[in-house]
Amino acid sequence: MAVRTPVDGEVSISYGQIYVVSGSGDMPDDLGVAFAGQTSGLCGAAVPGFLWLLTGSSDGRVGFTVEVHDHAPALDSRWEEVVEVSYRPVSAHTELVQWAWEARWGLDLEETGYRVRYCALGMDPQHPVPDREGAAREERYLLQLWPAPPEPDRIVRQSSRRAAYWHGFARALPAPPSADEPVR
């Protein structure tokens, strides 16, 4: 199976957010719009061509990897938080974007449907988890994409209080606007 890794390193997080943006770069100005109608609350996919990704840290640098696969990758059991959503770029230009466009990385995605798996480690920073060598592990994220038809979003794994809070937030939101209603 082929895999591309367009992002692998550290990214800066502001306000606990980072985004995947396709098209003109129009972003919803309301967190609730991005997660409307979802059951999972870490990867908002309700706005066409846009993903709103939440992190545990409000500000700072976190490890972040983006992988683009040909087929669904195996689920790695080390991830504490895992959600899946469906996504479709609205143009040939898609990027991972930091707050206020301070930095961005081209993802080189085709205009087709994708399944997205968003994974996290260490979302509750006050509870560092030791790694195999006993050192405290830092917050880390993995975003995996592969071609797939649309499916409902789902929570695959949840263990942190912060993820539980955001899942509850998403479940309490109304359904997304219809195709005839404008997105704010």
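To the nearest 0.5 Å, the span separating CD on Glu110 from OG1 on Thr94 amounts to 10.5 Å. Atom NE2 of His93 sits about 10.5 Å away from atom CG of Asp108, to the nearest 0.5 Å. Separating the CG atom in Leu121 from the CZ atom in Arg78 is a distance of 6.0 Å, to the nearest 0.5 Å. Taken from CH2 in Trp101 to CD in Glu95, the straight-line distance is 5.5 Å, to the nearest 0.5 Å. Considering CZ of Phe35 and CG of Asp153, their distance stands at 10.0 Å, rounded to 0.5 Å. Atoms CG and CZ, from Leu31 and Phe169 in turn, are 4.0 Å apart once rounded to the nearest 0.5 Å.
Contact between Tyr87 and Val116 at its shortest, heavy atoms only, is CB-CG2, 3.6 Å. The two atoms that bring Asp70 and Ala2 nearest to each other are OD2-CB, 3.0 Å, heavy atoms only. Annotation for Ile155 and Thr39: closest pair CD1-O, 3.6 Å, computed over non-hydrogen atoms. Contact record, Cys119 with Gln144: SG-OE1, 4.4 Å, taken as the closest heavy-atom pair. The two residues Tyr141 and Ala120 have their closest heavy-atom pair at CE2-CB, 3.3 Å. Nearest heavy-atom pair, Ala170 versus Gly41, reported as atom, atom and distance to 0.1 Å: CB-CA, 3.7 Å.
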message = Under the criterion side-chain contact (heavy atoms from CB on, under 4.5 Å), I'd like the reasoning laid out for Val66 against Arg4: C-alpha separation, chi angles, the key distance, then a yes or no.
response = CA-CA 8 Å; Val66 177; Arg4 279 189 310 107; over 6 Å; no
query = side-chain contact (heavy atoms from CB on, under 4.5 Å) between Phe64 and Leu96: does it pass, once the steps are laid out?
reply = CA-CA 10 Å; Phe64 206 98; Leu96 177 70; 3.8 Å; yes
key: Worked verdict on Val21 versus Arg104 for side-chain contact (heavy atoms from CB on, under 4.5 Å)   = CA-CA 10 Å; Val21 181; Arg104 54 190 176 194; over 6 Å; no
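In this structure, Leu75 and Arg157 have side chains that are in contact, with non-hydrogen atoms separated by less than 4.5 Å. Tyr118 is listed as a side-chain neighbour of Leu53, based on a closest heavy-atom distance under 4.5 Å. Taking the side chain as every heavy atom from C-beta outward, Val83 and His167 approach each other to under 4.5 Å.
At least one donor-acceptor pair under 3.5 Å links the side chain of Ser22 to the backbone N or O of Val90. A donor-acceptor pair is defined here as one N or O able to donate and one able to accept, closer than 3.5 Å; such a pair exists between the side chain of Gln17 and the backbone of Tyr15. Checking side-chain atoms of Gln38 against main-chain N and O of Cys43 turns up a donor-acceptor pair under 3.5 Å.
For the residue pair Arg162 / Thr55, no side-chain donor-acceptor distance below 3.5 Å is found, with atom types taken as modelled. Side chains of Glu111 and Ser91: a donor-acceptor N/O pair is absent below 3.5 angstrom, by distance only. Between the side chains of Ser160 and Glu81, at least one donor N or O lies within less than 3.5 Å of an accepting N or O.
A perpendicular orientation is assigned to the rings of Trp52 and Phe50, their planes being inclined by more than 60° (bins at 30° and 60°). Ring geometry, Trp99 versus Tyr19: the interplanar angle falls from 30° to 60°, so the pair is classed tilted.
Side-chain heavy atoms closer than 4.5 Å link hydrophobic residues (I, L, V, M, F, W, Y) into clusters, and following such links, even through other members, never connects Trp146 to Val20. Residues Tyr114 and Trp105 are members of one and the same hydrophobic cluster, defined by side-chain heavy-atom contacts under 4.5 angstrom among Ile, Leu, Val, Met, Phe, Trp and Tyr.
With sequence neighbours excluded, the residues satisfying salt bridge (Lys or Arg N to Asp or Glu O under 4.0 Å) with Glu84 are Arg115, Arg117, Arg154.
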